[in-house]
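Just below is one structure, and these are the notes that go with it.
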Amino acid sequence: MINVIREPLIFEISSPGKTAFRLPPLDVPENPRALEGLPLREDIDGFPEVSETEVTRHFTRLSQMNYCVDFGFYPLGSCTMKYNPKINEKVASLGSLIDIHPLAPESLVQGNLELMKTLERLLCEITGMDAVTLQPAAGAHGELTGMMLIRAYHQAHGNPRKYVLIPDSAHGTNPSSAHICGYVVKEIKSNERGTISLEELEKEMTEEVAALMVTNPNTLGVFESDICRIADIVHAKGGFVYMDGANLNALAGITRPGDMKVDVLHLNLHKTFSTPHGGGGPGSGPVAVKKILEPYLPVPVIEEKDGRYYLNYNRPQSIGRVKSFYGHFQVMLKALAYILTLGPAGLREMTEIAVLNSNYIRKSLEGIYHLKYDAPTLHECVFSDKYQKEFGITNLDICKRLLDYGLHPPTMSFPLIVHGALMIEPTETESRRDLDLFIEAMKAIDREARENPELLRTAPHITYVRRLDEVQAARNPVLRWEKK
Ligand SMILES: *Cc1c(COP(=O)(O)O)cnc(C)c1O
């Protein structure tokens, strides 16, 4: 995030005849076939011709315009943008594990299958569930898979049912997944504590409802402490409880969704288990189920007999494949390395620190930023811009100004039930020092809102790109420096 000089497009610094390097003249006969098979392009008009220095500096400068979790604090709520140990990248890149054709015969990939099975077993233990599929490629993909399992069950019992209940505090992917699976979404209003209202649930829960999708802790960071009673209400009408477990660093090692009567949940290995989240993947969204839904899991299922692992495709009730091959193997390897390194006590500590860090921020900024729901929170906390609005300052201005302090802004305007939301998830990997930097910046911005609101309304001031017209930037992006 340094304020670098204006960087043109690489095409604009091109000049004919420049090359990155030059070799001495050939002193042996030229081999006409030497370049065969290399990805050489002769056919692009105006292909950039630049020196080695130019190409190196160009891409290094572009990389400096990025913000990343290796650079600093990244409090993007609901996203778990945490630092991930580099050693796990190394482990997941070992040639003996990854230089394997996905269609290699089972006898040659016993080790790989064993690692996947081990991860499945560990995830069962961590979640308190009975079986896991590792196939889904992301959280939302896991949600869709989970809903397909529920649909398959109901279908097999005569009626796929019509509705899925989703609280208004849910992550946005939940209603989309239920809808794509053919269900009509009914919203459940939160109560004044920001949790599911039991009365509202009782009213809506009928035998036409296939499932309740619940995020726990919800997007306010609040634990649904009535979860067992919620599950009883849903089960009494033959419905399933789907739990969105994307943010398991709020629970892991302390409590288990399986023990809360949850029937099916997805996890985000990217987020909780040592794969960075964001940047387009690859991710992994395993789905864990109770016995009742196991027959419907996607094929192939990894099974073990007499110490040999094999892929079972012969599962008549299966919903079929949800991903080519077996899912994102390297992400699984990183998760396995991470879980085995931390062990049960380490996972518990991960969760405790995630919760502690979030509460440290909540307590430090309480009274300075407005808290609509002042319930105890777990891994994230949601403030609003209500106090700063008195000076005409919105959450957008606050977020833009944070850029000037060299910090990534939190998630804003979500969840929708908090107007002007600032949703902060520090994660367990932040030090006290980094948390304090953020808290001090937020306090300074509040002072600026009172003393010099114009400074905030026009922020950011020291970044490479200044305040954008957000609509135009999305609809009509200008990718060149020259003003048209
Ligand atoms: C991140 C997240 C998702 C979606 O996961 P993707 O991998 O981005 O599809 C779903 N629910 C919650 C609560 C999340 O935080």
Side-chain angles (χ1 to χ4, degrees), residues 69 74-82 84 123 127 133-148 164 166-181 185 190 194-196 211-224 227 241-252 257 262 264-288 322-323 327-328 330-332 334-335 351 354-355 358 377-382 410-418 421 423-428:
V69 82
Y74 211 129
L76 212 46
S78 196
C79 288
T80 315
M81 304 298 286
K82 70 184 192 185
N84 293 290
L123 294 179
T127 57
T133 174
L134 299 173
Q135 272 187 41
H141 193 193
E143 289 168 30
L144 178 60
T145 305
M147 293 316 291
M148 287 166 72
V164 169
I166 303 184
D168 53 9
S169 63
H171 193 268
T173 48
N174 289 191
S176 314
S177 302
H179 176 78
I180 292 174
C181 198
V185 173
S190 300
T195 52
I196 294 178
L212 167 76
M213 285 184 98
V214 51
T215 305
N216 200 14
N218 65 25
T219 52
L220 295 166
V222 177
F223 185 73
E224 295 283 353
I227 184 71
V241 177
Y242 182 101
M243 189 181 122
D244 181 329
N247 307 117
L248 211 72
N249 62 342
L251 302 179
V262 164
V264 46
L265 87 151
H266 81 267
L267 311 173
N268 280 32
L269 297 189
H270 57 291
K271 284 191 185 175
T272 313
F273 295 103
S274 198
T275 283
H277 175 239
S284 178
V287 172
V322 297
K323 177 88 178 74
H328 288 149
Q330 276 191 295
V331 182
M332 298 170 202
K334 283 187 266 185
T351 299
V355 172
S358 166
T377 47
L378 297 187
H379 66 302
E380 62 195 3
C381 52
V382 182
T411 297
M412 47 172 276
S413 305
F414 181 82
L416 300 176
I417 50 175
V418 177
M423 185 196 208
I424 299 165
E425 182 187 4
T427 84
E428 63 279 11

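Every number for a ligand or one of its atoms is a count from 1 in the order of the listing.
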Sub-4.0 Å heavy-atom environment of ligand 1, residues by chain: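 S78, A138, G139, A140, E143, H171, T173, T215, D244, A246, N247, N268, H270, K271, H277.
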Pairing residues for T145 by the side chain to side chain donor-acceptor pair (under 3.5 Å) criterion, not counting sequence neighbours: none
Taking every non-hydrogen atom, the tightest pair across [X] and [Y]:
{"X": "T127", "Y": "L123", "value": "OG1-O, 2.6 Å"}
{"X": "V185", "Y": "H179", "value": "CG2-N, 4.4 Å"}
{"X": "E143", "Y": "Y242", "value": "CA-OH, 3.1 Å"}

Partners meeting ring pair (Phe, Tyr, Trp, His ring centres under 6.0 Å) with H270 (sequence neighbours left out): H277
Results of salt bridge (charged side-chain N to carboxylate O under 4.0 Å, His left out) for K271 - residues two or more places apart only: none
